[in-house]
Amino acid sequence: SAIVKVQTKSYAWQGNQVTGTFSFTIDVDREHNFLKKYADDANAVMQYKQLRDEYQSLRQDIAALKQRLKDTKNPEEENQVNEKIKNKNQEYLSIIWFEKALTQKMEKDYGDALISCDTAISMDPAYPNNYVLKAEIYDDIGKEEEAIQLYQKVIDLDSEYAIPYHNIALIYHRRGEDAKALSYIN
């Protein structure tokens, strides 16, 4: 079950030094899986750090809006501030559901993760990461076409966001459709 297996080894003394000769094999599939898991873990850590920053930013925005609401005397402005608070709360709830979906994906609980993504999307349909996570889940379970459609939706929401282009290119590359893959990288 190891990535590197030592098959033969020999030692020889040369004066005060020992020299060794080893023969080994590398299980490329296990190495790939290990590296993929490490990359997935690093990606998850990055996503959780990003979520923490977004939580903090939203909490600050909501606190500032609530203070502004206390200070306002104009009923029209009061309605506008209340609407902004409502929208920020929706964004905050969306991020909570996104975090839940991310955890479920990492635990390979794909069915519940998809439901959590749908809930996050319903809370904030303009947040592209909700669609990216759902697309990643579809890709993980072999539903590549659904993943591509969701990545395309993200591109429609934010054409400057690099992740959907990269992930679509990876799907096409895995299929052996390198010309299509390159069209998403260039």
Side-chain angles (χ1 to χ4, degrees), residues 36-172 174 184-185:
K36 183 178 182 325
K37 181 183 180 337
Y38 177 77
D40 288 347
D41 290 348
N43 185 38
V45 169
M46 182 185 72
Q47 286 179 313
Y48 277 113
K49 286 180 180 178
Q50 180 184 359
L51 287 173
R52 182 194 62 215
D53 293 345
E54 289 181 40
Y55 279 142
Q56 185 175 3
S57 175
L58 282 168
R59 281 195 298 266
Q60 290 171 348
D61 291 351
I62 291 169
L65 286 168
K66 286 181 177 179
Q67 184 58 49
R68 186 171 157 203
L69 187 61
K70 285 181 185 177
D71 296 342
T72 187
K73 305 292 184 231
N74 179 339
E76 186 176 316
E77 184 181 354
E78 203 172 285
N79 288 337
Q80 290 172 347
V81 172
N82 274 324
E83 187 64 27
K84 287 180 181 178
I85 291 171
K86 177 184 160 199
N87 291 339
K88 290 292 182 182
N89 281 327
Q90 287 295 104
E91 288 177 45
Y92 188 80
L93 290 172
S94 174
I95 290 173
I96 290 171
W97 281 100
F98 175 88
E99 181 179 18
K100 181 178 176 109
L102 180 61
T103 301
Q104 291 165 328
K105 176 186 180 270
M106 288 173 43
E107 294 171 349
K108 299 190 183 327
D109 185 1
Y110 297 119
D112 285 345
L114 288 170
I115 292 168
S116 295
C117 281
D118 287 339
T119 304
I121 290 168
S122 73
M123 299 279 177
D124 188 2
Y127 186 61
N129 287 341
N130 290 331
Y131 298 99
V132 168
L133 181 58
K134 188 174 181 180
E136 288 173 352
I137 294 166
Y138 275 137
D139 192 20
D140 285 352
I141 62 175
K143 294 186 173 187
E144 294 175 340
E145 287 305 316
E146 289 88 339
I148 290 170
Q149 289 172 4
L150 284 168
Y151 288 131
Q152 193 58 55
K153 182 166 183 71
V154 174
I155 291 168
D156 294 343
L157 285 171
D158 183 358
S159 63
E160 300 296 314
Y161 194 23
I163 290 174
Y165 295 103
H166 174 264
N167 290 356
I168 290 173
L170 285 176
I171 291 170
Y172 283 128
R174 280 195 317 259
Y184 280 91
I185 293 175

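The model shown is predicted, which means the values in this text are computed figures rather than measured ones. Values reported hereafter were calculated over all heavy atoms of this structure, with side chains retained and with hydrogens, waters and symmetry mates removed.
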So, for [X] and [Y], which heavy atoms are closest and what is the spacing to 0.1 Å?
| X | Y | result |
| --- | --- | --- |
| P128 | L157 | CA-CD1, 4.4 Å |
| K105 | Y110 | O-CE2, 4.0 Å |
| I121 | N130 | CG1-CB, 3.5 Å |
| Y127 | S94 | CD2-OG, 4.4 Å |

Open item on the list: Please check this pair: side chain of S116 against backbone of A113, looking for a donor-acceptor N/O pair closer than 3.5 Å.
Closed with: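 No, because the side chain of S116 does not come within donor-acceptor range (under 3.5 Å) of the backbone of A113.
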Task: Under 3.5 Å donor-acceptor, S57 side chain and D53 backbone - done: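 Pair absent, no side-chain N/O of S57 close to backbone of D53.
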Euclidean distance, [Y] [atom2] relative to [X] [atom1], rounded to 0.5 Å:
| X | Y | atom1 | atom2 | answer |
| --- | --- | --- | --- | --- |
| K100 | D112 | NZ | CG | 7.5 Å |
| Y165 | L170 | OH | CG | 15.0 Å |
| Y184 | Y172 | OH | OH | 5.0 Å |
| K153 | L150 | NZ | CG | 8.5 Å |
| E76 | N79 | CD | CG | 8.0 Å |
| Y92 | I96 | OH | CD1 | 4.5 Å |

Open item on the list: Before you tell me yes or no, could you show the steps for I185 and H166 under side-chain contact (heavy atoms from CB on, under 4.5 Å), namely the whole-Å CA-CA distance, both residues' side-chain angles and the distance that decides it to 0.1 Å?
Closed with: CA-CA 6 Å; I185 293 175; H166 174 264; over 6 Å; no
side-chain hydrogen bond (donor to acceptor under 3.5 Å, both in side chains) partners for [X], two or more places apart:
| X | value |
| --- | --- |
| E77 | R68, T72 |
| D71 | Q67 |
| Y131 | none |
| D118 | K134 |

Check whether any side-chain heavy atom of [X] lies under 4.5 Å from a side-chain heavy atom of [Y], and answer yes or no.
| X | Y | result |
| --- | --- | --- |
| D124 | F98 | no |
| L93 | Q90 | yes |
| D139 | E136 | no |
| I168 | I155 | yes |
| N82 | K86 | no |

Open item on the list: Suppose we screen for side chain to side chain contact (heavy atoms under 4.5 Å, CB included). Which residues come up paired with K88, at least two apart in sequence or across chains?
Closed with: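 For K88, the residues satisfying side chain to side chain contact (heavy atoms under 4.5 Å, CB included) (neighbours in sequence not counted) are L58, D61, I62, L65, E91.
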TODO: Scan for side-chain hydrogen bond (donor to acceptor under 3.5 Å, both in side chains) pairs involving residues 154-163, sequence neighbours excluded, and state none if there are none.
DONE: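 Counting only pairs at least two positions apart or across chains, the side-chain hydrogen bond (donor to acceptor under 3.5 Å, both in side chains) contacts touching residues 154-163 are N129-Y161.
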TODO: Start with the C-alpha distance between I141 and L114, add both sets of side-chain angles, then the distance that settles side-chain contact (heavy atoms from CB on, under 4.5 Å), and finish with yes or no.
DONE: CA-CA 11 Å; I141 62 175; L114 288 170; 4.3 Å; yes
Task: Verdict with supporting geometry, L69 and I85, side-chain contact (heavy atoms from CB on, under 4.5 Å) - done: CA-CA 9 Å; L69 187 61; I85 291 171; 4.1 Å; yes
